[in-house]
Number of protein chains: 4
Amino acid sequence: MFVHVDPAHDLAIYDQIVRQIKFAVAHGAVGVGELVPSVRELARELAINPNTVARAYLQLQNENVLETVRGLGLAVAAGADKRCRQERGKLIQARLHQVLSEARHSGLELAEIRKLIEAELSEI
Amino acid sequence: MFVHVDPAHDLAIYDQIVRQIKFAVAHGAVGVGELVPSVRELARELAINPNTVARAYLQLQNENVLETVRGLGLAVAAGADKRCRQERGKLIQARLHQVLSEARHSGLELAEIRKLIEAELSEI
Amino acid sequence: MFVHVDPAHDLAIYDQIVRQIKFAVAHGAVGVGELVPSVRELARELAINPNTVARAYLQLQNENVLETVRGLGLAVAAGADKRCRQERGKLIQARLHQVLSEARHSGLELAEIRKLIEAELSEI
Amino acid sequence: MFVHVDPAHDLAIYDQIVRQIKFAVAHGAVGVGELVPSVRELARELAINPNTVARAYLQLQNENVLETVRGLGLAVAAGADKRCRQERGKLIQARLHQVLSEARHSGLELAEIRKLIEAELSEI
DNA sequence: GTGGTCTAGACCACC
DNA sequence: GTGGTCTAGACCACG
């Protein structure tokens, strides 16, 4: 399964599931039209409360990532792959913006910031 | 005053105060040994409950940023300025690391990441 | 239950709770990973305000003795047992040091101090 | 002067004064019948609030360590030296009792406690 | 059910 | 005046 969860993480469990499903959809790990695991199955697998999985799936439906296929379950919605990729890009950009602007406001010089960035990039 | 608070922000009010006091200490807006505004005064100024301010101040004491001067109030602890600056640096580095590694894991090419960074840096 | 509180004691109630939880952890009365009584339950049991219990638990989290398990409660953190035992040892040593050095400074002869100690030890 | 005060100490300032006066009396640093510094003089010397000194002196009068000498000030009361020495002895004994009993209750073996004590005694 | 946060108001010791 | 502690009761997100 492409989802794993860490109850000790500060992010809510249902949110971890949401993100990972979106991530999987963005990467094509699950294709458009494919069924995701049922609420009960995923809950059993992750050893968490089914309500938590249901909540994650509900949010994914509200964001048009998943859609119900009557009698079968939930499937990845048409266009969800593209939307997930876009969202991911925007998210990263927004976070990058926030970090860099905070770094600047906290008094670091541009040169110092560049140094930090290069150090991090070379690590990856 | 060097503290302002946004109750609509997702960060807890007491945490906003904690961060801003640390920020002020790191910048020298309040020097070592100086008194910070009293609990009641800051509460009145921010139009929040004194307990909330007290909680923020309590945490700052636990982190050795403030110390009580009995009967007078709370003062910036010795060495707090240096420690706050260091902490700030580490925090920024950690966040930068997280964002960049997430960017990399989400499939962006190094060249694309650099483009985003340059765009953000030039904005600042 | 392994916690009891004396409101007449000069030590703050929340601090009594903190110490007794640490004591229980050090002794293994509650094992690593086990849940401690919920805030509301302990408050009811001790007939005190839930906020007071919450404050004690907050401090125990800051000292890495407890950690939240979302939706379930607070559990003893990994390694907390060892840390609590160490802390207890250091505390006793520090207090012993203080008493003995005060005794010496107040003019008592070594022989007299030893007499006092033997008297106390035989009592225990 | 035989009194010095640390506002950062956790003990209340007035209590620090009380203890040090008693200590001085017990040692004979100030003899029976001798005058102690006036409230104003001591306050100026220690750079603290005169009310604080007054409170300490008040308590010392209540405990019959000092007595007023009309027109002159406060003097060490007759027999105060003996009483201070006795009190000091009892205090040390009580504290020793507390530390040793806590050490025992926290699970340390008698042999271990003795080791700690010897280590401390040899240091002094 | 759980903890986390916030408000409101009280009493205390200390300076 | 100051901070420290405690009570009472509310609302929230999470599982």
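So you know, we letter chains A, B, ... as the sequences are listed, proteins then strands, and number each from 1.
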Quiz prompt | Nucleotide pairing, DNA chain F (Watson-Crick or G-U, distances under 3.5 Å), in dot-bracket with [ ] and | | solution = ||||||||||||||.
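- Here C:Arg88 pairs with nothing under the salt bridge (charged side-chain N to carboxylate O under 4.0 Å, His left out) rule; sequence neighbours left out.
- Listed candidates were F:dT2, F:dC6, E:dC6. Nearest to the side chain of B:Arg40 is F:dT2.
- The CG atom of D:Asn51 sits 12 Å away from the C1' atom of F:dG1 (whole-angstrom rounding).
- Across the protein-nucleic acid pair, A:Asp15 atom CG and F:dC14 atom P stand 7 Å apart, rounded to whole Å.
- Taking the side-chain hydrogen bond (donor to acceptor under 3.5 Å, both in side chains) definition, one finds that B:His105 meets it with nothing, sequence neighbours left out.
- Only one option out of A:Thr52, A:Val5, A:Asn49 pairs with A:Tyr14 in a side chain to side chain contact (heavy atoms under 4.5 Å, CB included); it is A:Thr52.
- For the side chain to side chain contact (heavy atoms under 4.5 Å, CB included) test with C:Cys84, the passing option among C:Val76, C:Val25, C:Leu60 is C:Val25; the others fail.
- Atoms CG (A:Leu11) and C1' (F:dA13) sit 13 Å apart, rounded to a whole Å.
- Side-chain atoms of B:Gln20 come within 3.5 Å of backbone N or O of B:His4 as a donor-acceptor pair.
- Nearest-nucleotide assignment on DNA chain F puts the 5′-proximal partner with B:Ala54, out of B:Ala54 and A:Ala12.
- Atom-to-atom, CZ of C:Arg55 to P of E:dT5 comes out at 14 Å; the value is rounded to the nearest Å.
- More than 12 heavy atoms of other shown residues, nucleotides or ligands fall within 6.0 angstrom of atom NE2 in D:His27.
- In this structure, the side-chain hydrogen bond (donor to acceptor under 3.5 Å, both in side chains) partners of D:Arg95, at least two apart in sequence or on a different chain, are C:Glu102.
- The CZ-C1' distance, from B:Arg44 to E:dA8, rounds to 17 Å in whole Å.
- With sequence neighbours left out, the side-chain hydrogen bond (donor to acceptor under 3.5 Å, both in side chains) criterion links C:Glu34 to no other residue.
- One interatomic measurement links the two molecules: OH of B:Tyr14 to P of E:dT7, which rounds to 13 Å at whole-angstrom precision.
- Near DNA chain E, meaning a heavy atom under 4.0 Å away, the residues from residues 62-72 of chain C are C:Thr68, C:Gly71, C:Leu72.
- Look at CG on B:Leu42: it is 10 Å from P on F:dG3, rounded to the nearest Å.
- Between D:Glu63 and D:Arg83 there is no salt bridge, since no side-chain nitrogen of the basic residue lies less than 4.0 Å from a carboxylate oxygen of the acidic one.
- Checking B:Ile48 against C:Leu74, the closest nucleotide of DNA chain E that is more toward the 5' end is the one next to C:Leu74.
- In this structure, C:Ile13 reaches the sugar-phosphate backbone alone: every heavy-atom distance under 4.0 Å involves primed, P, OP1 or OP2 atoms, never a base.
- A:Asp10 has its CG atom 17 Å from the P atom of F:dA13, to the nearest Å.
- Dashed line: the shortest gap from a side-chain N or O of C:Gln61 to OP1 or OP2 of E:dG4 is under 4.0 Å.
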